[in-house]
S.K.: 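Here it is: the structure, laid out below.
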Amino acid sequence: MFAGRVLEGNFDYMCGVEVSNSSELPKEFQILKIPNQKYAVFTHKGHIAGIRATFAAAGKWFLDSGVKPFEGANQERYGKEFNPMTGMGGLEIWIPVEN
C-alpha cells in the first residue's frame, strides 16, 4: 500500500511511499492499495521535462507488441540516482498489463 497526497488536475497524481501500516499516518494522507500484477517497465533517461516522449514511446510499444495495458495505477519509480534539484537522473515508468 502507498500513502501520499493527491494533487488535483486532469488526472490524479499521488506522490507516495510504500508503507506496511497506515494506522499512524496523518489524517490528510490517502491510502492507495495496489494489487500484485504484471507491469511493462519503461526507462526514462535524461531530464524529467522529456517524460512525455517516454510515455509516447510506451504507447507505441503497446500498439506494436500486442500487449494490452490493464486498467490500474501507472507508477513512476524514482531511484537514488534521480536528482530533484536538477531533474536529471532518470526514472522508471511502470504500466500494468493484462496477464
Side-chain angles (χ1 to χ4, degrees):
M1 104 181 71
F2 287 86
R5 300 196 59 183
V6 174
L7 306 176
E8 294 184 25
N10 293 331
F11 55 89
D12 291 337
Y13 191 95
M14 177 183 272
C15 178
V17 64
E18 184 176 10
V19 296
S20 58
N21 182 349
S22 61
S23 64
E24 296 183 22
L25 293 173
K27 65 181 179 182
E28 63 269 10
F29 278 51
Q30 295 184 2
I31 303 301
L32 175 64
K33 292 184 180 183
I34 299 175
N36 289 337
Q37 56 198 54
K38 287 178 67 174
Y39 290 87
V41 180
F42 303 91
T43 301
H44 172 77
K45 296 183 179 185
H47 195 273
I48 188 66
I51 195 171
R52 286 185 181 175
T54 302
F55 272 104
K60 181 174 180 351
W61 179 84
F62 277 108
L63 290 173
D64 293 345
S65 71
V67 175
K68 295 187 186 316
F70 182 76
E71 185 69 31
N74 292 348
Q75 299 176 55
E76 296 170 15
R77 183 185 170 280
Y78 296 81
K80 63 183 177 187
E81 65 281 352
F82 183 76
N83 182 331
M85 300 302 288
T86 65
M88 297 296 292
L91 61 116
E92 294 176 340
I93 299 168
W94 292 43
I95 301 176
V97 297
E98 291 182 357
N99 288 328

S.K.: Is it true that, when you exclude Phe55 itself, more than 12 heavy atoms of the residues, nucleotides or ligands shown sit nearer than 6.0 Å to its CZ?
M.R.: yes
S.K.: Calculate, to the nearest 0.5 Å, the distance between atoms CE and NZ belonging to Met88 and Lys45 respectively.
M.R.: 11.5 Å
S.K.: Let me confirm one number: the CE-CZ distance from Met14 to Phe29, rounded to the nearest 0.5 Å.
M.R.: 9.5 Å
S.K.: Using atom types as modelled and distance alone, determine if a side-chain donor or acceptor of His47 lies under 3.5 Å from a backbone N or O of Thr86.
M.R.: yes
S.K.: Check whether any side-chain heavy atom of Ile48 sits under 4.5 Å from a side-chain heavy atom of Tyr78, and report yes or no.
M.R.: yes
S.K.: So which heavy atom on Val67 is nearest to which on Phe62, and how close?
M.R.: O-CD2, 3.2 Å
S.K.: Enumerate the salt bridge (charged side-chain N to carboxylate O under 4.0 Å, His left out) contacts for residues 53-62, please, sequence neighbours excluded, ordered by first and then second residue.
M.R.: Lys60-Asp64
S.K.: Between CD1 of Ile93 and OH of Tyr39, what distance do you get to the nearest 0.5 Å?
M.R.: 14.0 Å
S.K.: For a quick test of reading the model, state the closest non-hydrogen atom pair linking Ala73 to Pro96 and the distance between them.
M.R.: O-CD, 3.6 Å
S.K.: With rounding to the nearest 0.5 Å, note down the distance linking OG in Ser23 to CD1 in Ile31.
M.R.: 9.5 Å
S.K.: Which heavy atom in Lys33 sits nearest to a heavy atom in Pro35, and how many Å separate them?
M.R.: O-CD, 3.8 Å
S.K.: Can you name the closest pair of heavy atoms from Ala40 and Trp61 and give their distance?
M.R.: CB-CZ3, 3.9 Å
S.K.: Under a 4.5 Å side-chain heavy-atom rule over Ile, Leu, Val, Met, Phe, Trp and Tyr, are Phe70 and Trp94 clustered together?
M.R.: no
S.K.: Please assess Leu91 against Thr54 for the test side chain to side chain contact (heavy atoms under 4.5 Å, CB included), listing each intermediate value before the final yes or no.
M.R.: CA-CA 10 Å; Leu91 61 116; Thr54 302; over 6 Å; no
S.K.: Check whether any side-chain heavy atom of Arg77 sits under 4.5 Å from a side-chain heavy atom of Val41, and report yes or no.
M.R.: no
S.K.: For the atom pair CD1 (Ile95) and NZ (Lys38), what is the distance rounded to the nearest 0.5 Å?
M.R.: 14.5 Å
